Amino acid sequence: MRTRLVVGNWKMQSTASAAEKLARKLATFKPVSSVDVAVCPGFLHLPLVAQILAKSCVELGGQDCATNPGLGALTGEISAHQLKDVGCRYVLIGHSERRLTIGESAGVIAKKFTAAVEAGLTPIVCVGETLEQRRQGMAVEVITGQLDATIKKLGVEGLGGAVVAYEPVWAIGTGVTASAEQAQEMHAAIRSVIVSASVSIGDNIQILYGGSVKATNAAELFSMPDIDGVLVGGAALDADEFLAICAG
Ligand code: 13P
């Protein structure tokens, strides 16, 4: 049985006071059903949010990490070890905004994934196709390629302690959600890629959906057999909306 996981990605959207206000509201969250909840604030606000959420049920994640796991001379980077040190359990790896806007390659993403595992974090590796790739019928091929790059570097065992997030680029921040059926089809494809390398890892890995998730569409997504949770952007900035998604 896979536990449901709801993760809020605050992206580069908050000031310190907004992050503080949001975290204070989330700190009161009491899950009614079995659900793990985490938020990924901007790096600058991690210590503040960690302090507020310390005694709560809400865990912390980073939005990215450096390719080197430990401390070192790498100006401007944040290491997985530093994320662990501040109280993070998770880290997002390979978000499409980093793949497409910052230009992160599959090789860089695989290194970041390794660094996260070495530091004891749970990587949430993001995969997803663009609208153009979907129109060309290449959606499954694209996400399979993105996953394979990680599997090739680490072996399928590397995915053992990880989470996968399917985030179609065309659904991120657009208000257009993949239908529950479209998402299920892609989640099943992702699971079968992993199952073909390891049945137990494929069966047990949590696969999250991300892309315009709201309280009004979360329950339908959760009802799908291969959707184990959600990665929420815009709606995670509103505590009531985010908690309604967690209540599922
Ligand atoms: P939205 O929920 O704003 O579409 O963002 C999704 C996302 O990118 C989460 O990582």
Side-chain angles (χ1 to χ4, degrees), residues 4-14 18-19 22 26 35-43 45-46 49 58-65 78 83 88-104 109 112-113 116 121-131 133-134 139 142-143 146-147 162-180 182-183 186-187 190 206-222 224 227-248:
R4 184 177 295 172
L5 174 61
V6 177
V7 181
N9 176 7
W10 295 0
K11 304 193 180 185
M12 199 176 64
Q13 302 276 25
S14 321
L22 187 49
L26 300 183
V35 59
D36 289 337
V37 176
V39 291
C40 304
F43 289 133
H45 308 138
L46 276 170
V49 174
V58 180
E59 299 194 81
L60 265 194
Q63 295 180 14
D64 182 40
C65 67
I78 309 276
L83 293 176
C88 288
R89 173 172 173 189
Y90 299 97
V91 62
L92 304 179
I93 302 286
H95 192 283
S96 64
E97 286 152 13
R98 301 200 62 86
R99 288 181 193 264
L100 300 174
T101 311
I102 314 243
E104 276 185 12
I109 290 162
K112 290 185 171 186
F113 187 99
L121 295 172
T122 298
I124 302 177
V125 61
C126 304
V127 296
E129 80 286 359
T130 63
L131 188 56
Q133 290 165 331
R134 172 160 281 262
V142 167
I143 52 117
Q146 290 169 345
L147 268 181
V163 174
V164 174
Y166 168 60
E167 296 206 307
V169 176
W170 47 272
I172 295 178
T174 57
V176 181
T177 323
S179 69
Q182 276 173 323
M186 296 301 286
H187 281 229
I190 290 167
Q206 291 163 308
I207 307 177
L208 315 183
Y209 168 78
S212 298
V213 175
K214 304 181 258 317
T216 48
N217 57 23
E220 199 190 352
L221 290 161
F222 289 144
M224 294 291 152
I227 299 182
D228 306 312
V230 286
L231 178 54
V232 188
L237 300 171
D238 178 323
D240 294 335
E241 181 82 11
F242 185 68
L243 293 179
I245 293 169
C246 296

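Whatever order the structure lists them in is the order used to number ligands and atoms, beginning at 1. Source: prediction; values computed, not measured.
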Distance under 4.0 Å to a non-hydrogen atom of Leu231: what atoms of ligand 1 satisfy this? 9 (C), 10 (O)
Would you indicate whether the side-chain heavy atoms of Leu46 and Ile78 approach each other to under 4.5 Å? no
N or O contact, Gly210 vs ligand 1, cut-off under 3.5 Å: no
Quick check on Gly173 - does any of its heavy atoms sit under 4.0 Å from an atom of ligand 1? yes
With a 3.5 Å cut-off and no angle check, do the side chains of Gln63 and His95 form a donor-acceptor pair? no
For the backbone of Ala215 and the side chain of Glu241, can you confirm whether one donor and one acceptor N or O come within less than 3.5 Å of each other? yes
Kindly say whether Ala171 contributes a backbone atom to a donor-acceptor pair with the side chain of Ser212 at under 3.5 angstrom? yes
Looking only at protein heavy atoms, which one is nearest to atom 2 (O) of ligand 1, and what is the separation? Gly233 N, 2.9 Å
Proximal atoms of ligand 1 relative to His95 (non-hydrogen, under 4.0 Å): 7 (C), 8 (O), 9 (C), 10 (O)
If you scan protein heavy atoms around atom 9 (C) of ligand 1, the nearest is Glu167 OE2, 2.9 Å
Shortest protein heavy-atom distance from atom 5 (O) of ligand 1, along with the residue and atom involved: Lys11 NZ, 3.3 Å
What part of Asn9, side chain, backbone, both or neither, has a heavy atom within less than 4.0 angstrom of ligand 1? side chain
To the nearest 0.1 Å, how far is atom 3 (O) of ligand 1 from its closest protein heavy atom, and which atom is that? Gly234 N, 2.8 Å
With heavy atoms and a 4.0 Å threshold, my read on which part of Ala171 contacts ligand 1 is backbone
Checking Arg98 side chain against Ile109 main chain: does a donor-acceptor pair fall under 3.5 Å? no
Do the rings of Tyr166 and Tyr209 sit parallel, tilted or perpendicular, given the 30° and 60° boundaries? tilted
Correct closest heavy-atom pair for Leu83 and Cys65 would be CD1-CB, 3.9 Å
Expected output: side-chain Asp228 to main-chain Ile207 donor-acceptor under 3.5 Å: yes
Does an N or O from Ser212, backbone or side chain, lie closer than 3.5 Å to an N or O of ligand 1? yes
